Amino acid sequence: MSVGESRTSASVSPNAGHFLDLTELAGEPISGEQLDRLEHRYAWAARFCRDRDVAEIACGTGPGLGLLSAVARSLEAGDISEPILEIARRHYGDRVRISRIDALALPFGPASKDVILLFEAIYYLPDAERFIAECKRVLRPGGHVLIATANKDLSDFNPSPHSHTYYGVVELKNLFTRAGFEVELFGHLSVRDTTLKQRVLRPVKQAVVALGLMPRTMRGKRLLKRLVFGKPVVMPAELEGRSAPIGELEKISGDSADREHKVLYAAARTPTVAA
């Protein structure tokens with residue numbers, strides 16, 4: 001499981017516990033690609049957050065909170081898992097307001113935020129439509145919901161334990177348009193651009209997933225990650241920012257399944273005039 005498929009908790013099944021064994025935690029080993037994904041998604045988000053009132057839901061240990069707080073007018077963040085939140089609080093102290101947040105009952109007033117982030121967690125929500133309704137209540141006219149999620153339509157896709165529903169580009173488009181949002185969809189990390197080793201091992205991973213042999217915890221996956229991605233790096237408590245611009249993402253229509261990109265982004269915008 002990669003960061004693109006990892007758990008950052010939101011509002012989830014009580015059977016999921018505190019997710020400590022399913023989440024990349026600060027100080028633990030991750031692959032270089034996982035770190036690139038983290039840096040990329042927050043660099044992308046920063047474009048929307050400058051001088052805005054921002055909330056990140058399912059923030060996990062908060063690797064992107066420093067970057068967001070540097071550009072946002074205000075920032076609040078939260079997660080459903082108290083043990084994971086404690087790791088974020090120990091690092092950030094009073095720099096960022098961090099609290100326990102249920103994604104299905106956001107603790108913010110109507111029209112109080114400009115941007116809401118939910119990265120690698122929408123598939124843990126038992127009711128994604130309720131989350132989107134909460135976002136619509138909380139966002140000001142012209143505000144954005146930003147989503148990053150693993151692409152369920154890849155041939156070697158491996159669902160995370162305790163997940164509810166994964167959304168591809170078609171499902172994301174329908175989910176937001178039904179709620180009255182305008183949505184743009186993007187792909188990141190094309191499978192065509194991966195290393196030769198990754199391309200060779202993709203069919204192997206597909207077979208392992210199909211046979212139910214994929215380890216279910218982060219600890220169990222580390223050996224496989226090292227085989228595919230090479231020597232691990234340390235998961236940072238706080239990202240330092242990218243040294244180069246992220247460039248333009250590949251836009252996707254959402255009319256049919258995307259089977260090329262590892263990561264999907266959605267930027268869903270509320271109408272500029274309140275209904």
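Note that the structure is predicted; figures quoted are calculated from it, not measured.
Separating the CG atom in Leu117 from the SG atom in Cys135 is a distance of 10.0 Å, to the nearest 0.5 Å. Leu38 CG to Leu239 CG: the interatomic distance, rounded to the nearest 0.5 Å, is 5.5 Å. Between Leu25 atom CG and Thr61 atom OG1 the span is 6.0 Å, to the nearest 0.5 Å. We find the CG-CD1 distance between Leu106 and Ile116 to be 5.5 Å, quoted to the nearest 0.5 Å. Taking CZ from Arg41 and CG from Asp36, the interatomic distance works out to 11.0 Å, rounded to the nearest 0.5 Å. With values rounded to the nearest 0.5 angstrom, Leu118 atom CG is found 8.5 Å from Thr149 atom OG1.
Put simply, the side chain of Lys152 reaches to within 4.5 Å of the side chain of Glu171, judged on heavy atoms. With a 4.5 Å cut-off on side-chain heavy atoms, Arg259 and Phe157 do not count as touching. In this structure, the side chains of Glu82 and Arg89 come closer than 4.5 Å at one or more pairs of heavy atoms. Side-chain contact between Gln34 and Glu24: present, with at least one pair of heavy atoms (C-beta onward) separated by less than 4.5 Å. With contacts defined as side-chain heavy-atom distances shorter than 4.5 Å, the pair Leu35/Pro236 qualifies. Using a 4.5 Å heavy-atom cutoff, the side chains of Thr165 and Pro126 are not in contact. Within the 4.5 Å cutoff, the side chain of Ile122 has heavy atoms near those of the Leu175 side chain. Using a 4.5 Å cut-off on side-chain heavy atoms (C-beta onward), His164 and Leu125 make no contact.
Residue pairs meeting the ring-ring contact (aromatic ring centres under 6.0 Å, His included) criterion with at least one member in residues 92-114: none, sequence neighbours excluded.
A donor-acceptor contact shorter than 3.5 Å is absent between the side chain of Ser31 and the backbone of Pro232. Looking at Glu76, its side chain never comes within 3.5 Å of a backbone N or O of Arg97 through a donor-acceptor pair. Judged by distance alone, the side chain of Arg100 and the main-chain N or O of Ile80 form a donor-acceptor pair under 3.5 Å.
Connection of Val115 to Val71 is not established within any shared hydrophobic cluster, with ILVMFWY side chains joined at heavy-atom distances below 4.5 Å, either directly or through further cluster members.
A salt bridge does not link Glu184 with Arg269: every distance from a Lys NZ or Arg NE/NH1/NH2 to an Asp or Glu carboxylate oxygen is 4.0 Å or more. Salt bridge annotation for Glu120-Arg37: absent, with no cationic side-chain nitrogen under 4.0 angstrom from a carboxylate oxygen.
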Side chain to side chain contact (heavy atoms under 4.5 Å, CB included) evaluation trace for Phe186 with Ile252: CA-CA 5 Å; Phe186 306 93; Ile252 304 171; 5.7 Å; no
Run the numbers on Ile147 and Phe119 for side chain to side chain contact (heavy atoms under 4.5 Å, CB included), then give the verdict. CA-CA 5 Å; Ile147 302 289; Phe119 288 166; 5.9 Å; no
Apply the test side chain to side chain contact (heavy atoms under 4.5 Å, CB included) to residues Asp258 and Leu185: give CA-CA distance (whole Å), side-chain angles for both, the deciding distance (0.1 Å), then the verdict. CA-CA 10 Å; Asp258 176 86; Leu185 301 160; over 6 Å; no
Run Leu249 and His40 through side chain to side chain contact (heavy atoms under 4.5 Å, CB included) and show every step you take. CA-CA 10 Å; Leu249 289 167; His40 192 278; 3.3 Å; yes
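Across Ala267 and Phe48, no two heavy atoms sit closer than the pair CB-CZ, 3.9 Å. Looking at every heavy atom in both residues, Leu68 comes nearest to Ala45 through CD2-CB, 4.3 Å. Heavy-atom minimum distance, Thr272 versus Pro141: O-CB, 3.1 Å. Residues Ile101 and Pro107 come closest through the heavy atom pair CG2-CD, 3.8 Å. Summarising the geometry of Ala121 relative to Ala58, their closest heavy-atom pair is CB-CB, 3.6 Å, with the distance given to 0.1 Å. Taking each heavy atom of Val169 and Ser256 in turn, the nearest pair found is CG2-O, 3.4 Å.
Contacts of Ala111 classified as side-chain contact (heavy atoms from CB on, under 4.5 Å), with partners at least two apart in sequence or in another chain: Arg140. Every residue was checked against the side-chain contact (heavy atoms from CB on, under 4.5 Å) condition with Asp94, not counting sequence neighbours, and none meets it. Scored by the salt bridge (Lys or Arg N to Asp or Glu O under 4.0 Å) test, Arg52 finds no partners at all (sequence neighbours excluded). Under the rule for a side-chain hydrogen bond (donor to acceptor under 3.5 Å, both in side chains), the partners of Arg73 that lie at least two apart in sequence or sit in another chain are Asp53, Asp114. Residues passing the salt bridge (Lys or Arg N to Asp or Glu O under 4.0 Å) test with Arg130, sequence neighbours excluded: none. Under the rule for a side-chain hydrogen bond (donor to acceptor under 3.5 Å, both in side chains), Lys136 has no partner lying at least two apart in sequence or in another chain. For the side-chain contact (heavy atoms from CB on, under 4.5 Å) test, residues two or more places apart in sequence or in another chain that qualify with Ala268 are Val145, Phe176, Phe181, Val183. Residues that satisfy the side-chain contact (heavy atoms from CB on, under 4.5 Å) test with His91, not counting sequence neighbours, are Arg95, Ala237, Glu238. Considering only residues two or more places apart in sequence or on other chains, His144 meets the side-chain hydrogen bond (donor to acceptor under 3.5 Å, both in side chains) condition with none of them. Asp255 meets the salt bridge (Lys or Arg N to Asp or Glu O under 4.0 Å) test with Lys173; sequence neighbours excluded. Remark: Glu250 engages His261 in a side-chain hydrogen bond (donor to acceptor under 3.5 Å, both in side chains) (not counting sequence neighbours).
Aromatic ring pairs are classed by plane angle as parallel below 30°, tilted from 30° to 60° and perpendicular above 60°; the pair Trp44 and Tyr265 is parallel.
In Glu86, the CD atom is crowded: over 12 heavy atoms of neighbouring residues, nucleotides or ligands sit closer than 6.0 Å.
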